[in-house]
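Following: one structure in C-alpha cells, then a few remarks.
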There are 2 protein chains.
Amino acid sequence: MNKGKLNEGARPTMADVARELGVAKITVSRALSNHSTVKESTRALIRETAERMGYRLNVAARNLRQQRTRTIAVVIEMAPSHDRLMSEPYPLSLLGGIMQELTAAGQNMVLTTIDLFAEHPPSIDGVILLGQGVHDDAAAAIEAMGLPYVVWGAAHGPPGRIVVGSDNRDGGRIAADYLLGRGRRELIFLGETQHGEVEDRLIGFEAGLRGSEAVIVDRIACAFTAAAGREAVNRLLDRAKCFDGIFAASDAIAMGAIEALAARGLTVPGDVSVVGFDDSPGASIFSPKLTSVRQDWAVGGELLAKKVLDLVARRRVVSHAMPVELVVRDS
Amino acid sequence: MNKGKLNEGARPTMADVARELGVAKITVSRALSNHSTVKESTRALIRETAERMGYRLNVAARNLRQQRTRTIAVVIEMAPSHDRLMSEPYPLSLLGGIMQELTAAGQNMVLTTIDLFAEHPPSIDGVILLGQGVHDDAAAAIEAMGLPYVVWGAAHGPPGRIVVGSDNRDGGRIAADYLLGRGRRELIFLGETQHGEVEDRLIGFEAGLRGSEAVIVDRIACAFTAAAGREAVNRLLDRAKCFDGIFAASDAIAMGAIEALAARGLTVPGDVSVVGFDDSPGASIFSPKLTSVRQDWAVGGELLAKKVLDLVARRRVVSHAMPVELVVRDS
DNA sequence: ATGAAAGCGCTAACAC
DNA sequence: GTGTTAGCGCTTTCAT
C-alpha cells in the first residue's frame, strides 16, 4: 500500500482515495458501488473520504472496463434546422416516450443526427433510428455499424429488422371511411409516398375506398409542412380540379390546405372535408378544429426504448405496429 | 510483431488489424485518424484492411485515453411526462439551437433529466442546464459536480455562474407598454414567480407601469399550461374581480385564460387585452391570434452551446441576456 | 516514417 | 472482508 506517486491538482482517482485511507482501490470501488461484501464501517469511511476529497467516478474508464456504456443513441434521420426541427414528422412526444423508458432503465440517451453520428460516433450500446430515410439509406447506414438497433417507421425493410410504428394502413382506411361517411366522392391525397409510412397511409386509403363510388382524383407529393399543403391546394385549384375531400399525411399539411381553400372562398367542412394525421397539438387549436388520425407517439417511444434494450441484453425481440384512432372534430 | 493471442468472435481491435498487417497498432491508430506522418500507401492499406475486418473504433477507450469525451450533457430540470414534456417552458427550438451548434463543433449531446443525471452520470465534458429549478437547487446540484456548465434562465445565481437567457425584464416592460397603449388600466399577471425568469417578467411589468394610472389588480401563480390559465381566470371571475388586461408568463397560459374568458361571455380584445410570452407555434394559429413577447430560442441555444464549449476549452466566458420583441397580433 | 513501452482509471477474477 | 494482478483499447511519449 501507499505506493505510487501523488496526484496534486488533478481530479482525484480511486487510487488517491485508497492511498489516503491505506486500503486497496478495489475496496474503494466496491464501497462506492454498494457491493455487499464491504464492511459497513469501511464503506462509510470510504464514502466520507471520497466526498471530502471531491472524488468523482471516471465514467469513461468504467465504460471501457465493463464494455458497456448504459447509453443509447437516438438518431434523427434529418439534419436539424431552425424552422424544421424534428417537430415534423417526429414530434417531441416520441422523444418523451423514449426518454421515459430509458430513464426508468437507468440508461442515458445521446441525441444526434445521422450525419454527426457517422462522423463522430458516440460511445453507445445501441441505436434508435427515427425514420428510415428515403430508400432506406439511413437504416442501411446504421445497420452497417453492427450495433443493436431499432427503427421507427414502416416495416418495408429487410426481414429481421426490428421496426416499431403505427398501423399506417389502418390509418388510411379509417380516413377513407370517414370521408365516405360524409358523402365525399372526389378525393385528394397529399403526402410524399417516398416516405414508407406515407406510402402505407395511401395504400390503406385506397383499400378503404375500394368497392365504393369514391375515387382519388389526384395525389400530390408534398413535405410535412403547412406551406407544402398550401401550395399543393393552390396548384389543384389553379388547374380547376374538382374535389370534395382531402386526406393529408400530416396535420400541418392539412392546415395549409385549409388555409389555401379559405383564401379561395371554399369552406371546410362545407365544401370540402379534410382529414389530417398525427393529432398534433395544433389540431385542436386550429379553426376549424381538425379531424385527424391519432398516433400514440409516447407509447411508440416507450416500445422503441424497450426493444432496443432487449436487443442489447440479447433477448428475443419482434416488430410491432400500433393501433391508430380517428379523432373526429370539425373538418 | 505478431505477438499476443488472437481474438476470434469478438469485435476486432486495433491490435487485430495491426497483427493482420504486421505493423504496430500505433500505426493503425495514426492511419485511421489521418495523422500526416503515415505514408499514403500504408494508410490506404490499413484503411482497407480495417474496413474488410469490420473494425470499429472503441470510443470509450479513446475517451479514457484522451481524457475527454467530445460530449456535452443537456440537463432538463424537470422530469419528462406524457402530457408535460419539456415543450413548456423550454421548447424544441432551444434544443434545436444547441444541437445545431454542437453538431457544427463535432460534439455529441446527451439529453437527460436532473434526476437521471445525478443517479447515472454520463461520460461528458460539460453541462448545459435548462432551467435553474425553484430556489436554484438544480443549478447547485450541477455546480457540485465540478464540471464546466452554463445555465438557461435568469441571472439570479451566484456571481461567476454563466447564464444565457432572454431579457425578461424588458419583456415585461414592453408587455406593459402594449397594454397601456390600448388604454388598459386594471391588469392581471399570471405566472409562477418562484421561477426566476417569470419573476423578472413581473419586475419588468411593474416597472413599465410605474408612473401610469394602471395598476396590477391581482397576480396568480400558475404553471406553464393552458389548464392553469383557465383555472386562474375562472377563479378571478368567481371572485368578481374587475380587469381589462392580462399579461401571461407563457402563451399556453394566455390561451387558457382566453378560453375561460370566452366561456363567460367576455371577448378578447373587446373586453380584455391579453399578452402572452414566447411566441410559440400555437400563438399564430389560435383564435384570436395571440399578441406575444418573442424569445429567440434558437439563438439562445446556440449561445449556450458556444459558451459551454468555450468553458471546456478554458476560454473566458461571460453571461448574456438576449433582446426580446413584441409580436402584435389580435389579442 | 514507424515502433516499443507506458498508462489513462476502472473492475473482473482469483487469491487469502 | 480485503488485496493482488491483470487488462479493457486506445494514444502519448520517446526512441529509432
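Chain identifiers are assigned alphabetically (A, B, ...) following the order of the sequence lines, protein sequences preceding nucleic acid strands; residue numbering begins at 1 within each chain. None of the values given here were measured: they were computed from a predicted structure.
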Which whole-number value in Å describes the distance from [X] [atom1] to [N] [atom2]?
X        : N      : atom1 : atom2 : answer
B/Arg30  : D/dT13 : CZ    : P     : 12 Å
B/Met14  : C/dC8  : CE    : P     : 19 Å
A/Arg11  : C/dC10 : CZ    : P     : 11 Å
A/Leu32  : D/dT2  : CG    : P     : 14 Å
B/Asp125 : C/dC8  : CG    : C1'   : 15 Å
A/His35  : D/dG3  : NE2   : P     : 15 Å
B/Asn34  : D/dT11 : CG    : C1'   : 15 Å
B/Arg70  : D/dC10 : CZ    : P     : 15 Å

Kindly say whether [Y] contributes a backbone atom to a donor-acceptor pair with the side chain of [X] at under 3.5 angstrom?
X        : Y        : answer
B/Lys307 : B/Val150 : no
A/Thr103 : A/Met99  : yes
B/Thr113 : B/Leu116 : yes
A/Ser33  : A/Ser29  : yes

**Q.** Contact under 4.0 Å: A/Thr27 side-chain N or O vs D/dT2 OP1/OP2
**A.**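 It does not, given that no N or O in the side chain of A/Thr27 lies less than 4.0 Å from OP1 or OP2 of D/dT2.
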
Q) Think B/Ser29 has a side-chain N or O under 4.0 angstrom from the OP1 or OP2 of D/dT11? A)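 Yes, such a contact exists.
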
Q | Results of side chain to side chain contact (heavy atoms under 4.5 Å, CB included) for B/Glu119 - residues two or more places apart only | A |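 Checked B/Glu119 against side chain to side chain contact (heavy atoms under 4.5 Å, CB included); zero matches.
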
Q: Indicate whether the side chain of B/Tyr149 and that of B/Arg161 have a donor and an acceptor atom separated by less than 3.5 Å.
A: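 Checked: B/Tyr149/B/Arg161 side chains pair up, N/O donor to acceptor below 3.5 Å.
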
**Q.** Polar side chain donor-acceptor pair, B/Asp125 to B/Thr69, under 3.5 angstrom
**A.**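 B/Thr69 and B/Asp125 do have a side-chain donor-acceptor pair below 3.5 Å.
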
Q: Decide side chain to side chain contact (heavy atoms under 4.5 Å, CB included) for A/Val28 and A/Val23; before the verdict, give the C-alpha distance in whole Å, the side-chain angles of both, and the deciding distance to 0.1 Å.
A: CA-CA 8 Å; A/Val28 176; A/Val23 299; 4.0 Å; yes

Q | Partner set under side-chain hydrogen bond (donor to acceptor under 3.5 Å, both in side chains) for B/Asp310, not counting sequence neighbours | A |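 Scan of B/Asp310 (side-chain hydrogen bond (donor to acceptor under 3.5 Å, both in side chains), adjacent residues dropped) gives B/Arg315.
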
Q. Which of the following nucleotides, D/dC10, D/dT13, C/dT11, is nearest to the side chain of B/Tyr55?
A.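 So the nucleotide nearest the side chain must be D/dC10.
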
Q.
Measuring from the side chain of A/Ile26 (C-beta onward, heavy atoms only), which nucleotide among C/dC14, C/dA12, C/dG3 has the closest atom?
A.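 Nearest nucleotide to the side chain: C/dA12.
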
**Q.** Relative orientation of the end axes in the helix from C/dA1-D/dT16 to C/dC16-D/dG1, expressed as an angle to the nearest 10° (five pairs per end)
**A.**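 The angle separating the two end axes equals 30°.
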
**Q.** Identified side-chain contact (heavy atoms from CB on, under 4.5 Å) partner of B/Leu130 from the options B/Val75, B/Val151, B/Leu304
**A.**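 Filter result, single survivor: B/Leu304.
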
Q. Residues in salt bridge (Lys or Arg N to Asp or Glu O under 4.0 Å) with B/Arg52, at least two apart?
A.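 Testing B/Arg52 for salt bridge (Lys or Arg N to Asp or Glu O under 4.0 Å), a comparison that skips the adjacent residues, returns B/Glu20.
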
Q) From A/Met109 CE over to A/Ile72 CD1, what is the distance, rounded to the nearest 0.5 angstrom? A)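 Reported to 0.5 Å precision, the distance equals 11.0 Å.
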
Q: List in numerical order all residues of residues 36-47 of chain B for which some heavy atom is under 4.0 Å away from an atom belonging to DNA chain D.
A: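 Output list: empty, so none.
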
Q: With a 4.0 Å heavy-atom cut-off, tell me which residues in residues 62-69 of chain B come close to DNA chain D, sorted by residue number.
A: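 Correct list: B/Arg62, B/Arg65, B/Gln66.
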
